[in-house]
Amino acid sequence: MSRIGNRELNIPEGVTVTVDNNVVTVTGSKGTLTFEYKNAVNVEVKEGKVIVTRKNDLKTSKQLHGTTNSIIKNMMDGVSAGFKKELEINGVGYKFTVQGNKLVINAGYSHPVNVEIPSGLKLETPSATELTISGIDKQLVGEFAANVRKVRGPEPYKGKGIKYKDEHIRRKEGKKAA
């Protein structure tokens with residue numbers, strides 16, 4: 001029995017949720033998101049709440065029950081408050097710069113790495129070593145942040161590389177001179 005799938009989602013102030021032909025549309029102050037769900041589940045909007053139920057007890061229905069509920073919850077949170085990921089880069093000469101719709105990363109390679117910024121995301125660089133990614137789609141924000149981090153992941157000896165702001169990198173001691 002899915003505990004996440006059984007929760008009733010309260011619709012926040014200023015957010016409208018409509019269900020039409022297996023498509024959920026969530027509109028808020030920050031924008032609009034749509035999601036097409038599978039036939040294995042039902043989505044209903046009643047009295048300011050969104051209720052997700054499954055049609056049968058097949059394995060795929062059980063899997064999609066909680067997933068659909070979580071996706072709709074994240075959509076409501078995104079259009080009302082938005083999502084944000086903060087990254088920082090450590091190393092001599094390492095920096096982030098935003099040029100138009102590209103993010104230029106200098107991360108110790110012989111060339112700068114250019115990353116295309118997807119539409120729907122907003123990037124800010126408070127300093128040359130910090131990057132803030134914000135948007136209304138949780139999956140898009142998280143995936144872009146992971147792709148930027150993948151350019152030069154943090155290493156455990158000197159701590160150089162790109163990491164999330166709240167991430168703790170376990171440090172290693174390294175070789176000792178005899």
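Side-chain contact between Ile72 and Val52 is present, with at least one heavy-atom pair separated by less than 4.5 Å. Within the 4.5 Å cutoff, side-chain heavy atoms of Leu131 are placed close to those of Val148. Proximity of Arg152 to Tyr94: side-chain heavy atoms (C-beta onward) are separated by under 4.5 Å at one or more points. Taking 4.5 Å as the limit, every side-chain heavy atom of Thr129 sits out of range of all side-chain heavy atoms of Asn90. Within the 4.5 Å cutoff, the side chain of Lys62 has heavy atoms near those of the Asp57 side chain. Taking 4.5 Å as the limit, some side-chain heavy atom of Pro154 sits within range of a side-chain heavy atom of Arg149. A heavy-atom distance below 4.5 Å is not found between the side chains of Thr60 and Lys38. With contacts defined as side-chain heavy-atom distances shorter than 4.5 Å, the pair Val50/Asn69 does not qualify.
Ile51 belongs to no multi-residue hydrophobic cluster, having no ILVMFWY side-chain contact under 4.5 Å with any other such residue. Cluster partners of Leu58 are absent, since no Ile, Leu, Val, Met, Phe, Trp or Tyr has side-chain heavy atoms less than 4.5 Å from it.
The 12-atom threshold is not exceeded at NZ of Lys73, counting heavy atoms of other residues, nucleotides or ligands nearer than 6.0 Å. Within a 6.0 Å radius of OH in Tyr109, other residues, nucleotides and ligands contribute more than 12 heavy atoms. Around NZ of Lys55, the count of heavy atoms belonging to other residues, nucleotides or ligands within 6.0 Å exceeds 12.
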Quick one: side chains of residues 11-36, donor-acceptor pairs under 3.5 Å with protein atoms, not counting sequence neighbours, listed by atom name and distance.
residue: Asn22; atom: ND2; partner: Asn39; partner atom: OD1; Å: 2.4

May I have the list of side-chain donor-acceptor pairs in residues 115-126 shorter than 3.5 Å, sequence neighbours left out?
residue: Glu116; atom: OE1; partner: Lys102; partner atom: NZ; Å: 3.3
residue: Glu116; atom: OE2; partner: Asn101; partner atom: ND2; Å: 2.8
residue: Lys122; atom: NZ; partner: Glu124; partner atom: OE2; Å: 3.2

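A donor-acceptor pair is defined here as one N or O able to donate and one able to accept, closer than 3.5 Å; no such pair exists between the side chain of Thr68 and the backbone of His65.
At a threshold of 4.5 Å between side-chain heavy atoms, the hydrophobic network of Ile, Leu, Val, Met, Phe, Trp and Tyr places Phe83 and Leu9 in two separate groups. By the rule that hydrophobic residues join a cluster once side-chain heavy atoms approach within less than 4.5 Å of another member, Met75 and Phe144 end up as members of separate clusters. By the criterion of side-chain heavy atoms lying less than 4.5 angstrom apart, applied directly or through intervening Ile, Leu, Val, Met, Phe, Trp or Tyr residues, Val43 is grouped together with Val79 in one hydrophobic cluster. Under the 4.5 Å side-chain heavy-atom criterion for ILVMFWY residues, no single connected hydrophobic cluster contains both Val104 and Ile89.
Residues passing the side chain to side chain contact (heavy atoms under 4.5 Å, CB included) test with Asp166 are Tyr164, sequence neighbours excluded. By the side chain to side chain contact (heavy atoms under 4.5 Å, CB included) test, Asn147 is found to be paired with Glu143, Lys150, residues two or more places apart in sequence or in another chain being considered.
The line from CG of Asn114 to CD of Gln99 is 7.5 Å long, rounded to the nearest 0.5 Å. To the nearest 0.5 Å, atom CG of residue Asn42 and atom OG1 of residue Thr53 are 4.5 Å apart. Between the OG atom in Ser127 and the CD atom in Glu88 there is a gap of 9.0 Å [rounded to 0.5 Å]. Note that the OH atom of Tyr37 and the OG1 atom of Thr67 stand 15.0 Å from one another [nearest 0.5 Å].
Under 4.0 Å is where a charged nitrogen must lie from a carboxylate oxygen, and between Lys165 and Glu167 no such pair does. Glu155 and Lys158 are not joined by a salt bridge, as no carboxylate oxygen comes within less than 4.0 angstrom of a charged side-chain nitrogen.
Closest heavy-atom contact between Arg7 and Ile4: CG-O, 3.1 Å. Summarising the geometry of Pro112 relative to Asn106, their closest heavy-atom pair is CB-OD1, 3.1 Å, with the distance given to 0.1 Å.
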Open item on the list: Between Val141 and Lys84, does the side chain to side chain contact (heavy atoms under 4.5 Å, CB included) criterion hold? Intermediate values first, please.
Closed with: CA-CA 7 Å; Val141 171; Lys84 181 168 83 167; over 6 Å; no
*asked:* As a quick check of understanding, evaluate salt bridge (charged side-chain N to carboxylate O under 4.0 Å, His left out) for Glu44 and Lys46, giving each step before the final call.
replied: CA-CA 6 Å; Glu44 299 176 88; Lys46 289 183 186 174; 3.7 Å; yes
